[in-house]
Amino acid sequence: MADYVEMWKNLGMDLDKHDNLCAVLPEAFGDVYLSQENRPEGMGFWDFVVSEIHGIRPSELIEAQKNGQKVFGTFCVYVPDEVVIAADGIVTGLCGGSQFWVPDGEAVLPKSTCPLIKASVGARLGKTCPFFRIADMYVGETTCDGKKKAWEILGQDVPMHIMDMPQMKRPKDVEKWTEEIKEFAGVVEKFTGNTITPDKLQKAICIINEKRKALARVYEARKADKLPISGKDALLVMQIAFFDDPVRCAQMANKLADELEQRIKDGVSVFPEGTKRILVTGTPMAIPNWKLHHIIETSGGAVVCEETCTGTRYFENTVDETKDNLDDQYRAIAERYMGINCACFTPNHGRVDDILRLAKEYKVDGVIDVNLKFCCLYDTEGYTVEKALKEAGIPVLGIETDYTDADAEQLRTRIEAFIEMLD
């Protein structure tokens, strides 16, 4: 990584603690990613971004701030990026995928909180994530009880806006979410000093739609019989997509998709013939959480799709681009985002339908339903998911884990046995 020490110092980061994180990440990335053979050349961009994860993008955000732009840190796929971009703001993801941050989170949160929330809070309070230090405003949502209380802590010294997510999907809930988006737009306009117009929102909608379409192309290539990319590499693309400039992300994802489509034509595969195809479903896997994919793909399986927030939920479906006034545009945005099937909804038949559809589209041999420890939403919904899969004749393995490596060998034993059973 280039020398960003001065930048980190100006952000008020704990440099000694951050050095410990920076010392571990390259080795972990090398073991998981650079050990793979026959990777697509297009992954070079995403490798570079990871190598500079706390440097190059943060420096871009700081330069944008110097030019008067505001940076909004978001946690969830329900926060509409289009609204922020229409006001000339910038959206960035926030750190939360490593055990490194959990102890600082546990200093203020119960240990029985999910690791994603503990890591996010710890990354902020421990002063070891530049994105948390840079963001001018955090945007939260009410998708789970743990997050609701975490926002109260994170909002103590940084402006915080919380969007009240409906818990059902009735027509009146779509109306409620439309109103939440309108209210959010007003907050963004006031905070940035920029007015959102129909033309600006139309352009922003197209920008994010193009990003979604590009990511969808990468996933479409994973439906091929000969897999041109590993699940680990596809996951990395998705994780970086939360942080990168959306226009650049679309360009690089399309470039990678071009290569993958050519690989399919040439019959190039990164897995031996007969490798079992696995669909991973459940809780999100924020960077650098690569544990499960690495275990699966070094145990005789290939991850061909993720029905997660760091997977299909992030890019499936686009916002209607034909609307020409703000009221209709906000409604179109609301309808698209309400189509995401998170476990926070009840009833949630849509998510089960999605999993069964994806299992068929990606020709999977089995499904691994993963739950981050203490996430009661996905843990409880696992019963419904596994029941539906078994009724459909699709083998399924339910797993609960966290960010530590303490259960890695136990997981490997269970996953190897599951994949063996698929034979």
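- Between the side chain of R57 and the backbone N or O of F243, at least one donor-acceptor pair lies under 3.5 Å.
- Annotation for Q410: atom CD does not count as buried by contact number, only 12 or fewer foreign heavy atoms lying within 6.0 Å.
- For the side-chain contact (heavy atoms from CB on, under 4.5 Å) criterion with V121, the lone passing option out of L116, V102, V108 is V108.
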Please report the C-alpha distance between H161 and F184 in whole Å, then the side-chain angles of each, then the deciding distance to 0.1 Å, and finally whether the ring-ring contact (aromatic ring centres under 6.0 Å, His included) criterion is met. CA-CA 8 Å; H161 179 75; F184 177 51; 5.5 Å; yes

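- Between the side chain of T275 and the backbone N or O of A302, no donor-acceptor pair lies under 3.5 Å.
- A 6.0 Å sphere centred on NZ of K203 holds no more than 12 heavy atoms belonging to other residues, nucleotides or ligands.
- E141 places no side-chain N or O within 3.5 Å of a backbone atom of M163 that could act as its donor or acceptor partner.
- V247 has its side chain out of reach of E210: every pair of non-hydrogen atoms, C-beta onward, lies at least 4.5 Å apart.
- Ionic pairing of D354 and R351 is not present here: no N-O contact between side-chain nitrogen and carboxylate oxygen is shorter than 4.0 angstrom.
- D14 and T128 share no donor-acceptor pair across their side chains, judged by distance under 3.5 Å alone.
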From CA spacing to verdict: salt bridge (Lys or Arg N to Asp or Glu O under 4.0 Å), K265, E261: CA-CA 6 Å; K265 291 177 183 177; E261 289 162 7; over 6 Å; no

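- Ion pairing between a basic and an acidic side chain is recognised when a charged N comes within 4.0 Å of a carboxylate O; E306 and R313 show no such pairing.
- D379 places no side-chain N or O within 3.5 Å of a backbone atom of C375 that could act as its donor or acceptor partner.
- The cationic atom of K169 (NZ for Lys, CZ for Arg) lies less than 6.0 Å from the six-membered ring centre of F345 and within 45° of the ring axis.
- Residue-environment remark: NZ (K149) stays at or below the threshold of 12 foreign heavy atoms within 6.0 Å.
- Between the NE2 atom in H293 and the CE atom in M285 there is a gap of 5.5 Å [rounded to 0.5 Å].
- One finds the CD1 atom of I264 at 10.0 Å from the OG atom of S269 (value rounded to the nearest 0.5 Å).
- Side-chain rings of Y403 and F100 stay apart, their centers remaining 6.0 Å or farther from each other.
- Taking 4.0 Å as the cut-off between side-chain N and carboxylate O, E175 and K172 do not count as a salt-bridged pair.
- Residue pairs meeting the salt bridge (charged side-chain N to carboxylate O under 4.0 Å, His left out) criterion with at least one member in residues 405-420, sequence neighbours excluded, are K291-D407.
- Between E220 and K223 there is a salt bridge, with a side-chain nitrogen of the basic residue lying less than 4.0 Å from a carboxylate oxygen of the acidic one.
- Taking CH2 of W8 as the start and SG of C22 as the end, the distance is 4.5 Å to the nearest 0.5 Å.
- Around NZ of K148, the count of heavy atoms belonging to other residues, nucleotides or ligands within 6.0 Å exceeds 12.
- Note: I62 CD1 to L11 CG = 4.5 Å, rounded to the nearest 0.5 Å.
- Using a 4.5 Å cut-off on side-chain heavy atoms (C-beta onward), K232 and W290 make no contact.
- Between the S230 side chain and the D233 main chain, a donor and an acceptor come within less than 3.5 Å of each other.
- We find that E60 and R248 are joined by a salt bridge, their nearest charged nitrogen and carboxylate oxygen being less than 4.0 Å apart.
- Listed by first and then second residue, the salt bridge (charged side-chain N to carboxylate O under 4.0 Å, His left out) pairs involving residues 270-283 are K276-D423 (not counting sequence neighbours).
- Applying the salt bridge (charged side-chain N to carboxylate O under 4.0 Å, His left out) definition to pairs two or more places apart or across chains, those involving residues 90-117 are K17-D104, E106-K118.
- Judged by distance alone, the side chain of Q167 and the main-chain N or O of M165 form a donor-acceptor pair under 3.5 Å.
- Here the closest non-hydrogen pair linking G140 and M160 is N-SD, 3.8 Å.
- Residue K182 qualifies as enclosed at atom NZ: its count of foreign heavy atoms under 6.0 Å is above 12.
- Checking each of Q69, Q65, K70 against D136 for a side chain to side chain donor-acceptor pair (under 3.5 Å) leaves exactly one that passes, namely Q65.
- Contact check on E82 versus R336 returns no salt bridge, with no Lys/Arg side-chain nitrogen under 4.0 Å from an Asp/Glu carboxylate oxygen.
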Would Y219 and E316 satisfy side-chain hydrogen bond (donor to acceptor under 3.5 Å, both in side chains), going step by step from the backbone distance to the final call? CA-CA 10 Å; Y219 267 61; E316 279 199 329; over 6 Å; no

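- W177 pairs with exactly one of D173, I181, V174 by the side-chain contact (heavy atoms from CB on, under 4.5 Å) rule, that one being I181.
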